[in-house]
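Worksheet: the structure to be examined is printed underneath.
Chain letters run A, B, ... following the sequence lines, proteins first, then strands; residues in each count from 1. This is a predicted model, so every value here is computed, not measured.
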Amino acid sequence: MEAEEFKDQQLQLSEASPKSAEYQALLRAGPRLRLLQQVHAHLVVSGSHRSKALLTKLLTFACAAGISPSSYTFTSVIKACAELSVLRVGRGIHSHVLVSGYGSNAFVQSALVTFYSKSSDLGVARKLFDKMQDRTVVAWNSMISGYEQNGHAKEAIVLFNRMLELYVNPDSTTFVCVLAACSQLGEVRLGCWVHDCIVSNGIHVNVILGTSLINMFSRCGNVSKAREVFDSMNERNVIVWTAMISGYGMHGHGSQAMELFHQLKACGSCPNNVTFVAVLSACAHAGLVHEGRQAFASMRQEYGLLPGVEHHVAMVDLLGRAGFLNEAYQFIKGLKHGELVPPVWTAMLGACKMHKNFDLGVEVAEHLLSVEPENPGHYVMLSNIYASAGRMDRVELVRNMMIQRGIRKQVGYSTIDVKNKTYLFSMGDKTHPETNEIYEYLDELISRCKEAGYAPESESVMHELEEEEREYALRYHSEKLAIAFGLMKTNHGMTIRIIKNLRMCEDCHSAIKFISVVTSREIIIRDKLRFHHFKNGSCSCMDFW
DNA sequence: GTAGGGTTAG
């Protein structure tokens, strides 16, 4: 039962006097189930079954009767443990399951697999799953979903393939899980296969499956396909709309996102808090400051929604990204003390860096470092701000501070698919058998870009920790290597698609614009947050990262 | 009457 529902029911309960005949009857029955059932029947007939006091007493006695739990009891309790993420309690219940002889009940087993997955104990979940004699489709779904939700999208897909090999029929939940895994990996091919499978089998695309398809196509770089799915759905709820709006936002198509937002309102649906985050983000990345401001104001005025931290962050981002640093700062000043959380300042810092406001940037970064000294992102930002102001002494200082505190930047990598195989490159990577050729090709490519006007930006390299990394870092960032490899291995005219785990640096962004010109290729990169479509020297993000 | 699935973002 949902918490709200539960509360509603509780409110309906009225009080009854402890001295009443019903209460006395309960006391006489005591912890004996048969007698309690009789009294309960009487309570229902007499209309006093809404009394909180009577029901409490009834339940207390019923529980004290020592009735042994059934498979129904266990599944419910295990599910509750998973939702509350109470690992210890769940493990205890698991022991009870075994003792009570429900260890091989399919329902209980699936619930346990989900429980361990949600507790991030995938090893135990998998062991349980492997031990099951007859695995229902739900059991497969539990395990596939477990992998996907814990970020192991590849394992999820491996298991899905195993399921097909064993002729287990996937259902629409299976597809939802697999599509989520495809979204994580940017696996267009499998994603499209699943889509075809759904279409050719005439599987009904309900709101959940539709949302998953929209997400998959958006995150795999094909927004127009996402839109086709959206248009083909005969039932849409606010989540479907939000997914489509965010798909547009992710690709920098701010006006389409806004168009959809207006349509959503026009058709009588109510946008929710999540919708507004997606809308504000879409505006921010398309420079639609006026529209964003309006949307933010309408949250409270038209929908009675209270803006939260995420909306404040989005507003600072919207204003700051567009260059209105003072307004962004004033917006922050207008927040309550408790609302001045690090993410708000991080958005402000991003704006300072973007628009090269040295003084404010340093001030904000130092504040962030004092409250979140363990966050590597803040050091990188501060270092970059110093670097772009030519304060190399300070850059060195920040670098040393990171080393001293043992803070390491995340390692970046990029992947590219060539002839149905995925290749992974990391910065300065030399593990590929054709390393020499790739590096030579890249060097030549960069020279051609320089002739066309490309000027490497040195600031992006400054946050690297190791000396030897610095030398290679800029030129050999993973996405550049992946692109060089892709250009070498694919035919002219083919689009290059790259997936990167971090955000792109400014230098790569500028270099790739030139690469798209000198090679006449379209290059699509999905970075940690969004898509960049490079074509003829410009990027779809319009430099609004 | 029990188990599995969807939306934001930095």
Applying a 4.0 Å non-hydrogen cut-off, can you work out what [X] is touching in the nucleic acid: base, sugar-phosphate, or nothing?
{"X": "A/N206", "result": "base"}
{"X": "A/S76", "result": "nothing"}
{"X": "A/E148", "result": "nothing"}
{"X": "A/T73", "result": "nothing"}
{"X": "A/K528", "result": "nothing"}

With the side chain counted from C-beta on, respond yes when [X] and [Y] share a heavy-atom pair under 4.5 Å apart, and no when they do not.
{"X": "A/H195", "Y": "A/K225", "answer": "yes"}
{"X": "A/K528", "Y": "A/N501", "answer": "no"}
{"X": "A/F276", "Y": "A/F261", "answer": "yes"}
{"X": "A/L128", "Y": "A/H94", "answer": "yes"}
{"X": "A/S110", "Y": "A/F129", "answer": "no"}
{"X": "A/F358", "Y": "A/I385", "answer": "yes"}

Check the distance between [N]'s [atom2] and [X]'s [atom1] and give it to me in whole angstrom.
{"X": "A/Y116", "N": "B/dA3", "atom1": "OH", "atom2": "C1'", "value": "16 Å"}
{"X": "A/D317", "N": "B/dT8", "atom1": "CG", "atom2": "C1'", "value": "13 Å"}
{"X": "A/R219", "N": "B/dT7", "atom1": "CZ", "atom2": "C1'", "value": "9 Å"}
{"X": "A/D134", "N": "B/dA3", "atom1": "CG", "atom2": "P", "value": "19 Å"}
{"X": "A/F160", "N": "B/dG5", "atom1": "CZ", "atom2": "P", "value": "17 Å"}
{"X": "A/F129", "N": "B/dA3", "atom1": "CZ", "atom2": "P", "value": "19 Å"}
{"X": "A/R321", "N": "B/dG10", "atom1": "CZ", "atom2": "C1'", "value": "10 Å"}
{"X": "A/I78", "N": "B/dA3", "atom1": "CD1", "atom2": "P", "value": "10 Å"}

Kindly point out which of [options] is positioned nearest to the side chain of [X]?
{"X": "A/V277", "options": "B/dA3, B/dG6, B/dA9", "result": "B/dA9"}
{"X": "A/S281", "options": "B/dA3, B/dT7, B/dA9", "result": "B/dA9"}
{"X": "A/I208", "options": "B/dA9, B/dG5, B/dT2", "result": "B/dG5"}
{"X": "A/T136", "options": "B/dG5, B/dG10, B/dA3", "result": "B/dA3"}
{"X": "A/Y72", "options": "B/dT7, B/dG10, B/dT2", "result": "B/dT2"}

Would you call the rings of A/H251 and A/H533 parallel, tilted or perpendicular if under 30° counts as parallel and over 60° as perpendicular?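 Answer is tilted, since the angle falls between 30° and 60°.
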For A/H253 and A/Y248, take the angle between the two ring planes, folded into 0 to 90°, and tell me which bin it lands in: parallel under 30, tilted 30 to 60, perpendicular over 60.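 The arrangement is tilted - the two ring planes meet at 30° to 60°.
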Presence of A/H312 side-chain N/O under 4.0 Å of B/dA9 phosphate oxygens OP1/OP2: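 Answer no for this pair, as no side-chain N or O of A/H312 is under 4.0 Å from OP1 or OP2.
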B/dT8, OP1 or OP2 - any side-chain N/O from A/S246 closer than 4.0 Å?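 Yes.
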If you apply the rule ring pair (Phe, Tyr, Trp, His ring centres under 6.0 Å), what do you find for A/F331 with A/F296, and how did you get there? CA-CA 12 Å; A/F331 182 89; A/F296 182 75; 5.7 Å; yes
Output the residues of residues 86-110 of chain A in contact with DNA chain B, where contact means a heavy atom of the residue under 4.0 Å from an atom of the strand; sort by number or write none.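 Listed by number, they are A/A106, A/F107, A/S110.
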Which residues in residues 163-191 of chain A have a heavy atom closer than 4.0 Å to any atom of DNA chain B?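 Under 4.0 Å from DNA chain B: A/D171, A/S172, A/T173, A/V176.
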Yes or no on salt bridge (charged side-chain N to carboxylate O under 4.0 Å, His left out) for A/K333 and A/E327, after CA distance, side-chain angles and deciding distance? CA-CA 10 Å; A/K333 293 276 171 196; A/E327 270 200 79; over 6 Å; no
Would you kindly check whether a donor in the side chain of A/S212 faces an acceptor in the base of B/dG6, or vice versa, at under 3.5 angstrom?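 Not at all, since no donor on one side and acceptor on the other fall under 3.5 Å apart.
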If the condition is side chain to side chain donor-acceptor pair (under 3.5 Å), which residues does A/R405 pass it with, not counting sequence neighbours?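 If we apply the side chain to side chain donor-acceptor pair (under 3.5 Å) test to A/R405, skipping adjacent residues, the hits are A/Y379.
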